[in-house]
Asks: 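Below is a structure I'd like to ask you about.
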Amino acid sequence: MRLLRSEKISEAIEQLVIDANYFLPYDIVSAVKEAAGEEKERKAKNVLYKIVENYKTAKKGEYPLCQDTGIVVVFLEVGNDVKIEGDIYKAINRGVEAGYNKGFLRKSVADPLTRKNTGTNTPCVVHTEIKPGNMLKISIMTKGAGAENKSAVKMLTPADGEEGIINFVLETVKKAGASACPPYIIGIGIGGNLERAPYLAKKALLREIGSTNTSKEAAVLEKKTLKLINKLNIGPLGFGGITTALSVMVETFPCHIASLPVAVNIQCHSSRHKSITI
């Protein structure tokens, strides 16, 4: 059994939240550059180049990529041969608080009823999975409200089928329009139940842009849905064009024979996330 100090987890989280807010993953930058090269609309093309410029400015000066530095979502993969010394959830929240203070990042977390800011950007949302091995993988996502507020979940029935899934995704993206800062990255969770589908949709956003699901059916659905979304002519920041979304990523899970849960998690172009294995 491998022992892991909770202080080490706090230190890792502290740096992860700073890096996630300052540095955009290069697969996203690369996808934006590629889209700019293919975009025909002048305003849309200009917006895409501005996004790249914003990335370079934030990286050079170590500034947040966006003023909305988000609520932190943590995905843990805990090896079953790892023993954590101390409370792992307290360690995570200590790391988030320290990172937001050290990085001069806006605290965006408040009580849902009183609306009083907690002042620490905690508590964060933590999802935990137990895996074989003696390692701990931590993935964090700093999720802004603009895109999160436009996300949706719906309990379809098996009779709705693929057509129903695609219609729900398109309907959700149309409702988001330009208000959630396209080009988007769309995470889709299909199956499980009412709470599992949104988890799958959010976890899908950790995947590399352009990657495809290993399931042939899911991969086909990803490609087909992306093509239809990019025909909506919303375009970068709503200026029209062929780049409403950079990628669609589907994750699935078996579900009840009478259910077809579907969740759509919309992510703006500033898809801030980082991972570390310790």
Side-chain angles (χ1 to χ4, degrees), residues 20 24-25 27-28 31-32 35 65-66 68 70-77 124-127 129 137 139-156 162 164-177 179-215 217-230 232 234 243-255 260-275:
L24 197 61
D27 61 306
I28 299 167
V32 173
L65 288 149
C66 175
D68 185 348
I71 184 170
V72 178
V73 184
V74 181
F75 297 87
L76 294 177
E77 293 183 10
C124 53
V125 179
V126 183
H127 303 287
E129 291 184 31
K137 182 177 181 182
S139 298
I140 65 109
M141 183 183 293
T142 58
K143 197 71 165 66
E148 191 76 349
N149 287 352
K150 300 298 180 182
S151 300
V153 60
K154 190 171 186 178
M155 299 301 290
L156 302 180
E162 182 183 283
I165 294 170
I166 291 175
N167 287 341
F168 175 54
V169 176
L170 295 177
E171 173 190 315
T172 304
V173 175
K174 283 180 189 174
K175 283 182 180 176
S179 61
C181 297
Y184 298 131
I185 298 156
I186 307 293
I188 303 175
I190 304 172
N193 56 9
L194 183 61
E195 74 267 19
R196 186 69 175 180
Y199 166 73
L200 295 171
K202 182 153 289 175
K203 192 175 181 184
L205 297 175
L206 293 174
R207 281 173 41 192
E208 189 171 337
I209 297 294
S211 64
T212 56
N213 193 298
T214 53
S215 154
E217 292 77 12
V220 169
L221 182 60
E222 288 172 342
K223 187 176 180 181
K224 184 188 293 186
T225 309
L226 178 62
K227 189 175 181 180
L228 291 170
I229 288 173
N230 282 332
L232 294 176
I234 297 171
T243 320
T244 298
L246 297 171
S247 187
V248 171
M249 290 173 283
V250 172
E251 293 295 324
T252 65
F253 193 87
C255 61
L260 182 55
V262 180
V264 181
N265 199 290
I266 292 182
Q267 172 61 57
C268 70
H269 61 269
S270 194
S271 179
R272 292 154 291 171
H273 60 87
K274 292 283 179 184
S275 296

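Any value given below was found using the heavy atoms of this structure, including those in side chains, with hydrogens, waters and symmetry copies removed. In what follows, residues are counted from 1 in the order of the sequence shown.
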Asks: Could you tell me whether a side-chain N or O of R196 sits under 3.5 Å from a main-chain N or O of L200, the two making a donor and an acceptor?
Replies: no
Asks: May I ask you to decide if S270's main-chain N or O and Q267's side chain share a donor-acceptor pair within less than 3.5 Å?
Replies: yes
Asks: Do the non-hydrogen side-chain atoms of S271 and P25 ever get within less than 4.5 Å of each other?
Replies: no
Asks: Determine whether H127 and V74 make a side-chain contact, defined as any pair of heavy atoms from C-beta on separated by less than 4.5 Å.
Replies: no
Asks: Run the side chain to side chain contact (heavy atoms under 4.5 Å, CB included) test on V262 and V153 for me, step by step, so that the C-alpha distance in whole Å, both residues' side-chain angles and the decisive distance to 0.1 Å come before the verdict.
Replies: CA-CA 6 Å; V262 180; V153 60; over 6 Å; no
Asks: Just wondering, do I165 and I190 contact through their side chains at under 4.5 Å, heavy atoms?
Replies: yes
Asks: Should the pair K202-E251 be classified as a salt bridge under the 4.0 Å nitrogen-to-oxygen rule?
Replies: no
Asks: Is the closest side-chain heavy-atom distance between M249 and I186 below 4.5 Å?
Replies: no
Asks: Determine, using ring centers only, whether H269 and Y184 are less than 6.0 Å apart.
Replies: no
Asks: Looking at G210 and S247, what are the two nearest heavy atoms and their distance?
Replies: N-OG, 3.6 Å
Asks: Within the side chain of T172, is there an N or O that forms a donor-acceptor pair under 3.5 Å with the backbone of F168?
Replies: yes
Asks: Roughly how far, to the nearest 0.5 Å, is CZ of R272 from SG of C66?
Replies: 5.0 Å
Asks: With rounding to the nearest 0.5 Å, note down the distance linking NZ in K150 to SG in C268.
Replies: 13.5 Å
Asks: Of all the heavy-atom pairs spanning A20 and L65, show the shortest one and how long it is.
Replies: O-CD1, 4.0 Å
Asks: Tell me, with the steps shown, if K137 and L76 meet side chain to side chain contact (heavy atoms under 4.5 Å, CB included).
Replies: CA-CA 6 Å; K137 182 177 181 182; L76 294 177; over 6 Å; no
Asks: CD/E162 to CG/N167 distance, rounded to the nearest 0.5 angstrom?
Replies: 10.5 Å
Asks: Check the side chains of N265 and K143 for a donor-acceptor pair under 3.5 angstrom, ignoring hydrogens and angles.
Replies: yes
Asks: Do S151 side-chain atoms and I266 backbone N/O form a donor-acceptor pair below 3.5 Å?
Replies: yes
Asks: For the side chain of N213 and the backbone of V250, is there at least one donor-acceptor N/O pair under 3.5 Å apart?
Replies: yes
Asks: If you measure from CD1 on I185 to CG on L226, what distance do you get to the nearest 0.5 Å?
Replies: 11.0 Å
Asks: Evaluate the criterion side chain to side chain contact (heavy atoms under 4.5 Å, CB included) for residue pair D27 and R207; output intermediate values, then yes/no.
Replies: CA-CA 10 Å; D27 61 306; R207 281 173 41 192; over 6 Å; no
Asks: Considering only NZ, NE, NH1 and NH2 on the basic side and carboxylate oxygens on the acidic side, decide whether E222 and K227 come within less than 4.0 Å.
Replies: no
Asks: Can you give me the closest heavy-atom contact between A147 and A180, atom names plus distance?
Replies: CA-CB, 3.8 Å
Asks: Between G192 and C255, which heavy-atom pair has the shortest distance, and what is it?
Replies: O-CB, 3.3 Å
Asks: When you compare the side chain of M141 with that of L206, does any pair of heavy atoms fall below 4.5 Å?
Replies: yes
Asks: Passes side chain to side chain contact (heavy atoms under 4.5 Å, CB included), L221 versus I166? Steps please.
Replies: CA-CA 8 Å; L221 182 60; I166 291 175; 3.7 Å; yes
Asks: Heavy atoms only: give me the nearest A263-A201 pair and the separation to one decimal.
Replies: O-CB, 3.6 Å
Asks: Counting C-beta onward and ignoring hydrogens, is there a side-chain heavy-atom pair between T142 and I71 closer than 4.5 Å?
Replies: no
Asks: If every non-hydrogen atom of I234 is compared with every non-hydrogen atom of T244, which pair is closest and at what distance?
Replies: N-OG1, 3.3 Å
